[in-house]
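Notes to accompany the following structure.
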2 protein chains.
Amino acid sequence: MERTRPQRADARRNYDALLGAAREVFAEKGTEASLEEIARRAGVGIGTLYRNFPARQDLFEAVYVGEVEQLCRLAGEVADRPPWEAMQAWLRAFVGYAATKRAIKEALTMESAMFVSCRADMYAAGQPLFDRAQAAGAVRADVSFDDVLRMVSGITAGSYVDDAQRERVFAMALAGVTATPAAPHPA
Amino acid sequence: MERTRPQRADARRNYDALLGAAREVFAEKGTEASLEEIARRAGVGIGTLYRNFPARQDLFEAVYVGEVEQLCRLAGEVADRPPWEAMQAWLRAFVGYAATKRAIKEALTMESAMFVSCRADMYAAGQPLFDRAQAAGAVRADVSFDDVLRMVSGITAGSYVDDAQRERVFAMALAGVTATPAAPHPA
DNA sequence: GTTAAAGTGGAGGCACGCCTCCACCTTAGC
DNA sequence: GCTAAGGTGGAGGCGTGCCTCCACTTTAAC
């Protein structure tokens, strides 16, 4: 955000390459991914990575901030759609961001100042959509926004046979968000 | 199963200690946990671990086999309860086994012969409960047993504020299993 | 008690990731 | 073109995990 970027052209190119590589690698391997692999993939030396991002946390935060900003923006864009449709669209975006895909579960419990603040922004953006959907009766009354977000992260981080299954499972879980609390006991 | 156990008393003690430690450590750290930590926690040398379990896979399988057997046994025990109640009880047990808790997601896609066979046993045990619940109308018709298992593993592997939230989220997701496919669009 | 078979455990070689440091290369301003 | 400030990248020290190997210890059979 207010991170001072390197000035020289090559420096800036490297900075961007690192960010891109980090986005990819974090998406594939989670927060614990090797920094050397990120540097390799960005085509820069490990020293350059450390010059730009002294700690692993700094790199991950730089990626994460971008994702969160997009998510916040999206919340505004879908606000004029019907409550449940808007909520669903936002949740889909929430799981869609590659950088957070494998790391988002871990991110939900990280403690650094920037994480706490980003999480607050993200929740602030999504919560109104949730409240509206709940008020409209599209979401059961006994769950919180946080519950839904964690459920969705867990499901997304899981492994599936193919994307169709992932989508099917996601839809099934979403149905649980809308369903009435007491599960039916037919038979 | 037909694994030949060490004969000497101390050897057997060590074998059991290793299995117990592995169960704990795999539960906490997933399949990639450090074998040296397992040996440390079992109070034996790393050499002893390798004598009993030449490959990481062997150790994990030894733990996993035990869990799967219990799960298969349980399927028989709950079979006389109402369809949905039985299914639910079994799913709870499925997520409850500590050893697989963090590792189960990974285990679902492992390729070794023993994994494939264990998975087959586990599915064979759970599938009838599922089919019965589906036939009774307690489970929506457009999902498979595999879908549900993967959803449940994903949710279980997630992180939560406390156990109450984990339970709440699990229940919410289960409601999705029973709900009708078409999500309501009120308002 | 003796003894040989069984079992032990940790040192050590290897690989890899973390992070620091600095000799060298690039850039931009002149 | 020249040059110094800015930037680079990888060698190297450290830690940790993997796995092997074998001198030593323990067991149990006699």
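In what follows, chains carry the letters A, B, and so on, assigned in the order in which the sequence lines appear, proteins first and then strands, with residues in each chain numbered from 1.
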Measure [atom1]/[X] against [atom2]/[N] and give the value in whole Å, please.
| X | N | atom1 | atom2 | value |
| --- | --- | --- | --- | --- |
| Arg13(A) | dT8(D) | CZ | P | 9 Å |
| Arg56(B) | dC19(D) | CZ | P | 7 Å |
| Leu49(A) | dG7(D) | CG | P | 16 Å |
| Lys29(B) | dC18(D) | NZ | P | 12 Å |
| Gln57(B) | dC19(D) | CD | C1' | 16 Å |
| Glu32(A) | dT16(D) | CD | P | 15 Å |
| Asn52(B) | dG7(C) | CG | P | 9 Å |
| Phe53(A) | dG7(D) | CZ | C1' | 15 Å |

Please check this pair: side chain of [X] against backbone of [Y], looking for a donor-acceptor N/O pair closer than 3.5 Å.
| X | Y | answer |
| --- | --- | --- |
| Arg132(B) | Met87(B) | no |
| Asp147(A) | Ser144(A) | yes |
| Arg41(A) | Gly20(A) | no |
| Trp90(B) | Cys72(B) | no |
| Arg168(B) | Asp142(A) | no |
| Asn14(A) | Ala11(A) | no |

* Is Arg150(A) close to Val161(B) at the side-chain level, that is, under 4.5 Å between some pair of heavy atoms? ->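 They are in side-chain contact.
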
* To do: Just compare dC19(D), dC19(C), dA28(C) and give me whichever is closest to any side-chain atom of Ile46(B).
  =>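 From the listed options, dC19(D) comes nearest.
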
* Asked: Which listed nucleotide (dT20(D), dT27(C), dT8(C)) is nearest to the side chain of Thr48(B)?
  ->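 The nucleotide sitting nearest to the side chain is dT8(C).
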
Between the protein and nucleotides 1-6 of chain C, list the N/O to N/O atom pairs that are separated by less than 3.5 angstrom.
residue: dA6(C); atom: N3; partner: Arg8(B); partner atom: NH1; Å: 2.5

Side chain to side chain contact (heavy atoms under 4.5 Å, CB included) involving [X] - partner list, sequence neighbours excluded:
| X | value |
| --- | --- |
| Asp163(B) | Arg166(B) |
| Arg81(A) | Val78(A), Glu85(A), Ala86(A), Ala89(A) |
| Ser34(A) | Glu36(A), Glu37(A) |

* Please state whether the phosphate of dT8(C), meaning OP1 or OP2, lies under 4.0 angstrom from any side-chain nitrogen or oxygen of Asn14(B). =>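 Result: yes.
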
* To do: Name the residue closer to the 5' end of DNA chain D, choosing between Asp10(B) and Gly47(B) according to the nucleotide with the nearest heavy atom.
  =>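 Residue closer to the 5' terminus by nearest nucleotide: Gly47(B).
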
* Name the stems with DNA chain D in them: runs of three or more consecutive Watson-Crick or G-U pairs, distances under 3.5 Å? ->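 Only these stems qualify: C:1-30 with D:1-30.
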
* **Arg23(A), Arg73(A), Arg119(A) screened by salt bridge (charged side-chain N to carboxylate O under 4.0 Å, His left out) with Glu67(A), the one that passes** =>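 Of the listed residues Arg23(A), Arg73(A), Arg119(A), the salt bridge (charged side-chain N to carboxylate O under 4.0 Å, His left out) partner of Glu67(A) is Arg23(A).
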
* Listed in order of residue number, which residues of residues 34-45 of chain B have a non-hydrogen atom at under 4.0 Å from DNA chain D? ->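 Ser34(B), Leu35(B), Glu36(B), in order of number.
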
* Asked: Only one of Phe145(A), Tyr123(A), Phe94(A) clears ring-ring contact (aromatic ring centres under 6.0 Å, His included) with Phe130(A); which?
  ->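 Exactly one option meets the ring-ring contact (aromatic ring centres under 6.0 Å, His included) with Phe130(A), and it is Phe145(A).
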
